[in-house]
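So the structure is just underneath, and the comments pick up after that.
Quick note on labels: first sequence line is chain A, next is B, and so on, each numbered from 1.
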Amino acid sequence: MSNLLELRNVTQRFKTGTIAVDNLSFYVEEDRPNIIAVAGESGSGKTTLGLIALGFLEPTQGQVLYKGKAVKTLTRQERFAFRKEVQAVFQDPFAVYNPFYKVDHIMEVPIANFKLANSAAAAHRLMEEALVSVGLRPEETLGRFPHQLSGGQRQRLAVARALLMKPQLLIADEPVSMVDASLRATILESLRQMNDQLGITILYITHDLTTAYHVCDYILILYRGSVMEAGDVESVIADPQHPYTQLLIDSIPWPDLTRKWGQQEVIVEEDKSAKAGCKFAGRCPHVMAKCRQSAPPLYRLSDSRVAACYLYEDQPQLAGEQLGKLLEMHQPVMA
Amino acid sequence: MSDYVLQVKDLDVYYYTDAGIVYANNKVNFDLKPNERLGLVGESGSGKSTMALALLRLIKPPGRIAGGEMWLEKTELTHLSEEEMRQLRGREISMIPQGAMNSLNPILRVKEQIIDAMLDHNLGLSQAALEVRAYDALDAVELERKVATMYPHELSGGMKQRVCIAISIAMHPKVIIADEPTSALDVVTQRQVMQTIGRLQEQLGSAVILIGHDMGLMAQFVNRMAVMYAGRFAELGTVQDTFTGALHPYTQLLIESLPVLGHRGVFKGIPGITPLLRDLPPGCVFHTRCPKVMDVCQRIVPTWREYSKGHWAACHLHEQ
């Protein structure tokens, strides 16, 4: 069993001194397509993690491996394959289009670059297929300029473009955060189908735990570049164990009149200079002396779940490098 | 006249563009009592932000208020002169804008921006008294006093949104319009900001109109909710009424499309797209997407009716 993509002890430190990703290890397997959510507040390092996985950003420390080879040392040909097989959908459906080109452009360029079709007619057919698979009508989409399409249509077009490449891994950074609620479901459904029918692994980067809950199999909760809790999404969201996850879940305004949000007091961090210990210690309602001395390792709460918190220190530990192992344990259950 | 702080009657707001007339608000009716929190939900392009701007009389050409009345207590707003309206804005009716990031002046300190609005309203206060008010406003939104001398770029997104709230409540307005005040913030910050708005609303006894498309936020924050579609009100009622006994199929679909705990992996979007506001279908504007469409829906605009106390809807399904 080989790893499709592996991050090995990756740290990203920016010039300002900010550590966006802190010694994080993770892998996804080639023959086990999952949808994995990377969730956290703004500043948790989730977008940086996505950029590193895409090879757009070279980590300060650690390695990114694609099918066992360091992305940094890929040959020209391998890099070409990497670019094709790892695709991205970004947050802003307005910013990814050049307003001077028809929307066809964002599909024509990759078709030409990666020689996906050998005639104009074949290229057109490919484009139409991709559009249909995300629920767009080609006759209503092709030949238009970006400003003639709605945000939802543009975002689905971005998904269609990624789909065209028949990728193995899709990195979707907040793909629905700028789309209307009624259209979110459609776009998320497209992502789910890509995973289900085409076996594409998806890294779903988001701050929205409600959509993560519905679309993903597995979730990583990040806080200031470190994993706080990870595991199968069902149990993490329905029964959060790490105090940070509990705070996040408690803050979700569920559209449910019987469920009141904000039962838990939000603690404002006084001293942000603390270097050692758990990063969440300054805001944690259960903070203990040892939390401020050294960062907690990952403790296994079950076969498919870990939390980095001393509250669970009587549980067996899981080495940070083994985080990807959780996925092996977890058999995705489709609802 | 009444115990309402705001009454809107048959409000029409149109944009007269070269491509035709855009019917952004069409015969909108609602009222608001002091201390009340009203939610206004709808997809982008449904006319909810236009509605907010209309209440502040900030519609710019080619748009204009084409008809109807807006009563702020005993004052009818549509007939005020620009100068009279300017004095009301901020003082009686104010707005917390969408995207706090872009609504502050990057080269003015926070304190100056709070005072600036008050200076314009001839409150008759000395500079020292204005400063006291500015600091009070910062206290009210739970910002440290040192923020007063900072510039917007030194603040986080949540802090900037709080500064915007401070500006909008500094003169204790009777009606506060919050247009997606937390759309750019993450959940924990969103909750803190909404709690601040809620607490201030209670302290000042103001009424709040919360505009947005997050039904979850509505369920958690408002007392009454209005659902807007293509420039018209589809339904208006208490949160209880609209969530558990929605009358309009659009409201029902919106509620069904929401993610809830327990039904993992079930997606339900609303098929079809919203009509163009300058090319509205005849009859009910929702009939092109409505699963319960009838013949009459394609011909006749449904009447805005009160079906039970305070629960309004415009839908032929419920007409006898």
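In this structure B/T50 satisfies the side chain to side chain donor-acceptor pair (under 3.5 Å) test together with B/Y15, sequence neighbours excluded. Here A/R283 pairs with A/E41, A/Y223 under the side chain to side chain donor-acceptor pair (under 3.5 Å) rule; sequence neighbours left out. B/Q190 pairs by the side chain to side chain contact (heavy atoms under 4.5 Å, CB included) definition with A/P253, A/W261, B/T182, B/M194, B/D214, B/L217, not counting sequence neighbours.
Considering only heavy-atom pairs separated by less than 4.5 Å from chain A, the leading option among B/A219, B/G45, B/G216 is B/G216. Chosen from A/I237, A/I187, A/D250, the residue pairing most often with chain B at heavy-atom distances under 4.5 Å is A/D250. Taking chain A as the reference chain and counting heavy-atom pairs below 4.5 Å, the highest number among B/L253, B/D186, B/T244 is found for B/D186.
Across A/L247, A/I252, A/L248, a single residue satisfies side-chain contact (heavy atoms from CB on, under 4.5 Å) together with B/R191, and that is A/L247.
By the 6.0 Å contact criterion, CZ on B/R145 is enclosed, its count of non-hydrogen atoms from other residues, nucleotides or ligands being greater than 12. A 6.0 Å sphere centred on CZ of B/R278 holds no more than 12 heavy atoms belonging to other residues, nucleotides or ligands. Within a 6.0 Å radius of CD in B/E144, no more than 12 heavy atoms belonging to other residues, nucleotides or ligands are found.
By a heavy-atom distance cut of under 4.5 Å, B/V239, B/Q240 are the residues of residues 233-240 of chain B near chain A, going up by number.
Here the CG atom belonging to A/L257 is positioned 7.5 Å from the OG1 atom belonging to B/T242, to the nearest 0.5 angstrom. Rounding to the nearest 0.5 Å gives a distance of 11.5 Å between CD1 of B/I255 and CG of A/D256.
A pairwise comparison of heavy atoms in A/K260 and B/Q220 identifies CA-OE1, 3.7 Å as the closest pair. Of all heavy-atom pairs spanning B/F243 and A/P255, the tightest one is CE2-O, 3.9 Å.
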